[in-house]
Amino acid sequence: ILRRQYVPVESVSFEEAQIQLKPGEEYVYSAKVMPIHATRQNITYKISGEESSFEIDKNTRAIRVKDGAKIYLTATAENRETTQTITVTKIPVESIEIINESGFEEINAATSLKFKGIVYPDKASYRGVTYRVSSSYADITQDGVLTVKDDAPIGLVLTVTAVSDDNANIFAQKKVVVTKVKTERVEITNANNFKVTQGLKLTAEIYPSKATDKEIKFQIVSATAKGAQIIGDYLYADGLGEVTVRAYSGGVYSDDTVIR
């Protein structure tokens, strides 16, 4: 029976003796035995350093490091060993730019604006940004989408701020102003026939529904019915015939509507 010749481990090594990682970065460690045909290929690992500065998954050999960590990773095969030093270096945020991606400096209750905070330098360790808006009449999501409430005062100036998650003293701002939601269309919704002895309550809808001007007025365009008149929102007539009316709001008129 031929027995395989025993080949001892001559060395064990990592690809790099020292590596630098960013906070939050993950590193999968692995060492190799030389010669590659050594009889015993088993490698054991020992990790030392402040335990609160890293997390480790022993199944995948993945280390997730935190800010300021310095970790020593020792690999041993037979009586040979080597140590790798892992240093975590934080690259601080130096400045932020805020961009109004929508391109408009006005906003109303029917629209929204999209903002984006850009962190410099590009390789900063913490690139997160938190958005804030200066008034309770407005809201902004963590994606930078700004909206205003229906009762936001016209002319209100809003300041949108992008703040660095790395350093709250580093931020950038943009201003926008709240404007009216313009009326686009008015439609009469009640054009029923009515009797001379009764009045007809006139109704209409404004579009969009969030239009700032809510007041609706009615007027008579022409009439063959004797004594036709509008009092408040009611149409009256003393005799038979037709009355053509229209509604208006925010400077926008409805189509003429014939009522008998």
Checklist entry - Is it the case that more than 12 heavy atoms not belonging to Arg61 sit under 6.0 Å from its CZ atom? => result yes
Smallest heavy-atom separation, Pro208 atom then Val181 atom, equals CG-CG1, 3.8 Å
Task: Heavy-atom check, side chain of Arg185 versus side chain of Glu187, under 4.5 Å - done: yes
*Does Lys70 offer a backbone N or O that forms a donor-acceptor pair with the side chain of Thr87 under 3.5 Å?*
no
Is it true that a side-chain atom of Tyr126 and a backbone atom of Asn167 form a donor plus acceptor pair closer than 3.5 Å? no
### Query
Does the pair Glu184 and Lys182 meet the rule for a salt bridge (Lys or Arg N to Asp or Glu O under 4.0 Å), with working shown?
CA-CA 6 Å; Glu184 298 176 2; Lys182 294 181 179 179; over 6 Å; no
Sorted by chain and number, sequence neighbours left out, side-chain contact (heavy atoms from CB on, under 4.5 Å) with Lys175 holds for Val157, Thr159
Original post:
Is there a chain of hydrophobic side chains (I, L, V, M, F, W, Y, each step under 4.5 Å between heavy atoms) that links Leu202 to Tyr248?
Top reply: no
Residue pair Ile170 / Val163, side-chain heavy-atom distance below 4.5 Å: no
Are Ile99 and Val160 co-members of a hydrophobic cluster defined by side-chain heavy atoms under 4.5 Å apart?
-> no
*Where do Ile118 and Ile96 land on the side chain to side chain contact (heavy atoms under 4.5 Å, CB included) test, with the steps shown first?*
CA-CA 6 Å; Ile118 302 175; Ile96 286 183; over 6 Å; no
- Item | Over 12 foreign heavy atoms within 6.0 Å of CG, Asp255 | no
Rounded to the nearest 0.5 Å, the CG atom of Leu73 sits from the CD1 atom of Ile47 at a distance of 5.5 Å
Minimal heavy-atom distance between Asn192 and Leu200, with the atoms involved, is O-CD2, 3.2 Å
Minimum side-chain heavy-atom gap Tyr72-Thr83 below 4.5 Å: yes
> Given side chains that start at C-beta, do those of Asn42 and Arg40 come closer than 4.5 Å, heavy atoms only?
Replying inline: no
Open item on the list: With side-chain hydrogen bond (donor to acceptor under 3.5 Å, both in side chains) as the criterion, how do Asn108 and Thr212 come out once you've worked through the C-alpha distance, each side chain's angles and the decisive distance to 0.1 Å?
Closed with: CA-CA 9 Å; Asn108 58 51; Thr212 302; over 6 Å; no
The side-chain contact (heavy atoms from CB on, under 4.5 Å) partners of Thr183 (sequence neighbours excluded) come to Val186, Ile206, Ala211, Asp213, Ser249, Val252
Ser164 (side chain) donor-acceptor with Asp166 (main chain) under 3.5 angstrom | yes
Output for pair (Glu26 CD, Glu55 CD), nearest 0.5 Å, gives 9.5 Å
When every non-hydrogen atom of Thr89 is compared with those of Ser125, the smallest separation belongs to O-OG, 3.8 Å
With sequence neighbours left out, the residues meeting side-chain contact (heavy atoms from CB on, under 4.5 Å) with Thr39 are Tyr6, Val7
Residues passing the ring-ring contact (aromatic ring centres under 6.0 Å, His included) test with Phe171, sequence neighbours excluded, are none
Q: Answer with yes or no whether the hydrophobic clustering places Ile63 together with Val28; edges join I, L, V, M, F, W, Y residues whose side-chain heavy atoms lie under 4.5 Å apart.
A: no
Is the shortest side-chain heavy-atom distance between Leu156 and Ser135 below 4.5 Å? yes
ring-ring contact (aromatic ring centres under 6.0 Å, His included) filter on Tyr137, not counting sequence neighbours, yields none
Smallest heavy-atom separation, Lys217 atom then Glu215 atom, equals CE-OE2, 3.1 Å
When rounded to the nearest 0.5 Å, the distance separating OG of Ser30 from CD1 of Ile43 is 6.5 Å
Lys32 atom NZ, over 12 foreign heavy atoms within 6.0 Å | no
**Asked** Heavy-atom distance under 4.5 Å between the side chains of Val178 and Leu158, does that happen here?
**Response** yes
Quiz: residues 140-151 side-chain donor-acceptor pairs under 3.5 angstrom, not counting sequence neighbours:
residue : atom : partner : partner atom : Å
Thr141  : OG1  : Asp143  : N            : 3.2
Thr141  : OG1  : Gly144  : N            : 3.4
Thr141  : OG1  : Val145  : N            : 3.1
Lys149  : NZ   : Ser136  : O            : 2.9

Sequence neighbours excluded, the answer for ring-ring contact (aromatic ring centres under 6.0 Å, His included) partners of Tyr120 is none
Please tabulate, one pair per line, all N/O donor-acceptor pairs under 3.5 Å involving side-chain atoms of residues 224-241, not counting sequence neighbours.
residue : atom : partner : partner atom : Å
Thr224  : OG1  : Glu242  : N            : 2.7
Thr224  : OG1  : Glu242  : O            : 3.3

Note to self: For Ala247, is there any backbone N or O sitting under 3.5 Å from a side-chain donor or acceptor partner on Ser254?
What the structure shows: yes
Hits for ring-ring contact (aromatic ring centres under 6.0 Å, His included) against Tyr29, two or more places apart or cross-chain, chain-then-number order -> Tyr45
A side-chain contact here means heavy atoms from C-beta on lying under 4.5 Å apart; do Phe115 and Lys174 qualify?
yes
Please report, to 0.1 Å, the donor-acceptor pairs under 3.5 Å made by any side chain of residues 8-25, with sequence neighbours excluded.
residue : atom : partner : partner atom : Å
Glu25   : OE1  : Lys22   : N            : 2.8

Worked check of side chain to side chain contact (heavy atoms under 4.5 Å, CB included) between Gln219 and Tyr253: CA-CA 10 Å; Gln219 63 180 208; Tyr253 289 82; 3.7 Å; yes
Here the pair of heavy atoms bringing Ile216 nearest to Ala204 is CD1-O, 3.4 Å
Is there a side chain to side chain contact (heavy atoms under 4.5 Å, CB included) between Thr82 and Thr74? Walk through the geometry before answering. CA-CA 6 Å; Thr82 186; Thr74 301; over 6 Å; no
All heavy atoms of Glu78 vs all of Thr76, minimum pair found to be O-CG2, 3.5 Å
Salt bridge (charged side-chain N to carboxylate O under 4.0 Å, His left out) filter on Arg80, not counting sequence neighbours, yields none
Could you tell me whether the side chain of Leu113 reaches within less than 4.5 Å of the side chain of Asn100, counting heavy atoms only?
yes
Rounding to 0.5 Å, atoms CZ (Arg132) and OG (Ser134) come to a distance of 12.5 Å
Here the side chain to side chain donor-acceptor pair (under 3.5 Å) pairs for residues 199-210, sequence neighbours left out, are Thr189-Thr203
